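For this chain, numbers begin at 1 and follow the sequence in order. Just so we're clear, the structure is a prediction, and the values are computed from it rather than from any experiment.
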Amino acid sequence: ADSDDFFGSRISELTQKKAMLESSLSGVKVTTTAASAGYFYSAADGYERSFTVSALGSVTAQEFKKLIATQPDKDVLENAVGKIAGTSKWYIAFIATRRDAAYFVENQKYSVTFSYADDREIKMCYEGTGGDTKGDEVVLIFSSGTLPSGFNFARKQEVKVIKNTMQGLKIRTSALVNVDGETGVYSLSAGRVVFKTTEVLGESGGFY
């Protein structure tokens, strides 16, 4: 009963406060009703009519370059009170080479970090490339159904896609030797120099 009294008085208090705030407004009150339910965002950047999901699947690298060079729609900027996303699914797209695209497998998930969100890492699904083109460049498309709280959904930002990860010991390439047909390194163990065989997983910057 106490909780009912508390919430009842709280609702009454907020209703009165709402009425007081509305009475202080000038102009004509306008009620806007959305055509459908979804995720509401209180800001629009003017690209909502350009960067559409329907255009994403067929956009070529050249078309994408023209798209990101366009100016935001002034009508949207001046008149929109916000925007509604019908689903939680959202996409990132960027231009890469066909060679880069070959590293990714469709419908597999990869780690993507977002610099504008304190390098937050999100698992995103590789959707494939956009419209085909005769050139070496293609549009890579990734998607996610995750909507992190407080995430920065800026239209243009820097991201890093991790193609793969490796775990192992890092050694200089000059330390690798071949002994009796086996590849390995010499290391100090309990005061003794011993030969340990190795399996090279990758090479970068003078290291295995």
Side-chain angles (χ1 to χ4, degrees), residues 32 34-131 133 135-168 170 201-202 204-205 207:
T32 302
S36 61
Y39 296 86
F40 178 74
Y41 297 86
S42 60
D45 62 7
Y47 290 104
E48 285 73 17
R49 294 171 179 169
S50 304
F51 288 87
T52 63
V53 176
S54 59
L56 188 62
S58 60
V59 67
T60 66
Q62 293 302 316
E63 291 169 343
F64 189 72
K65 288 179 181 180
K66 291 179 181 179
L67 193 60
I68 60 179
T70 59
Q71 296 299 311
D73 189 325
K74 289 186 178 180
D75 182 55
V76 173
L77 289 176
E78 294 173 359
N79 298 304
V81 296
K83 57 188 174 187
I84 289 182
T87 71
S88 61
K89 189 173 184 179
W90 54 283
Y91 302 83
I92 61 170
F94 54 89
I95 294 176
T97 65
R98 289 186 182 277
R99 184 176 181 179
D100 288 331
Y103 283 102
F104 300 103
V105 179
E106 287 190 27
N107 299 319
Q108 283 198 14
K109 289 190 174 181
Y110 297 87
S111 295
V112 182
T113 59
F114 292 79
S115 59
Y116 285 16
D118 297 324
D119 288 330
R120 183 160 190 167
E121 184 177 302
I122 296 178
K123 290 288 187 181
M124 302 195 75
C125 179
Y126 177 55
E127 299 276 344
T129 59
T133 176
D136 183 51
E137 294 181 322
V138 291
V139 180
L140 269 58
I141 303 167
F142 292 79
S143 70
S144 173
T146 302
L147 296 173
S149 177
F151 186 75
N152 188 332
F153 283 101
R155 183 80 66 176
K156 183 179 180 181
Q157 57 178 289
E158 180 181 304
V159 302
K160 294 179 182 178
V161 181
I162 301 173
K163 294 186 288 190
N164 53 51
T165 58
M166 292 183 292
Q167 288 184 327
K170 185 177 181 180
L201 301 177
S204 178
F207 288 87

Donor-acceptor check, side chain of [X] to backbone of [Y], threshold 3.5 angstrom: yes or no?
| X | Y | result |
| --- | --- | --- |
| Q157 | N152 | yes |
| S115 | E158 | yes |
| E78 | D75 | no |
| T52 | R49 | no |
| T146 | P148 | no |

With the side chain counted from C-beta on, respond yes when [X] and [Y] share a heavy-atom pair under 4.5 Å apart, and no when they do not.
| X | Y | answer |
| --- | --- | --- |
| I84 | Y41 | no |
| L140 | T129 | yes |
| D73 | Y47 | no |
| D119 | F114 | no |
| V139 | F94 | no |
| T87 | Y39 | no |

- prompt: Is any NZ, NE, NH1 or NH2 atom of the basic residue among R98 and E137 found under 4.0 Å from an Asp or Glu carboxylate oxygen of the other?
  reply: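 Here R98 does not pair with E137 in a salt bridge, since their nearest N and O are not under 4.0 Å apart.
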For the atom pair [atom1] ([X]) and [atom2] ([Y]), what is the distance rounded to the nearest 0.5 Å?
| X | Y | atom1 | atom2 | value |
| --- | --- | --- | --- | --- |
| T113 | M124 | OG1 | CE | 11.5 Å |
| S58 | E63 | OG | CD | 6.5 Å |
| T60 | K65 | OG1 | NZ | 9.5 Å |
| T165 | Y110 | OG1 | OH | 11.5 Å |
| R120 | F151 | CZ | CZ | 7.5 Å |
| K123 | S144 | NZ | OG | 11.5 Å |

Tell me the closest heavy-atom pair linking [X] and [Y], and the distance in Å.
| X | Y | result |
| --- | --- | --- |
| L77 | G46 | CD2-N, 3.7 Å |
| A80 | A44 | CB-CB, 4.1 Å |
| F40 | V81 | CZ-O, 3.7 Å |
| V161 | V112 | CG2-CG2, 4.1 Å |
| F64 | I95 | CD2-CG1, 3.6 Å |

- request: Only pairs at least two apart or in different chains count here, so list each side chain to side chain donor-acceptor pair (under 3.5 Å) that has a residue in residues 100-109.
  value: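 Residue pairs with at least one partner in residues 100-109: T97-D100.
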- prompt: How would you list, by chain and number, every residue that makes a salt bridge (charged side-chain N to carboxylate O under 4.0 Å, His left out) with E121, sequence neighbours excluded?
  reply: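 E121 satisfies salt bridge (charged side-chain N to carboxylate O under 4.0 Å, His left out) with no other residue.
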- request: Name the orientation class of the two ring planes belonging to F153 and W90 (parallel below 30°, tilted from 30 to 60°, perpendicular beyond 60°).
  value: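 Rings of F153 and W90: perpendicular, as their planes differ by over 60°.
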- request: Give the C-alpha distance, both sets of side-chain angles, the deciding distance and a yes or no for side chain to side chain contact (heavy atoms under 4.5 Å, CB included) between Y126 and V105.
  value: CA-CA 7 Å; Y126 177 55; V105 179; 5.7 Å; no
task: Go through F142 and F104 one step at a time and tell me if the ring pair (Phe, Tyr, Trp, His ring centres under 6.0 Å) criterion holds.
output: CA-CA 10 Å; F142 292 79; F104 300 103; 5.5 Å; yes
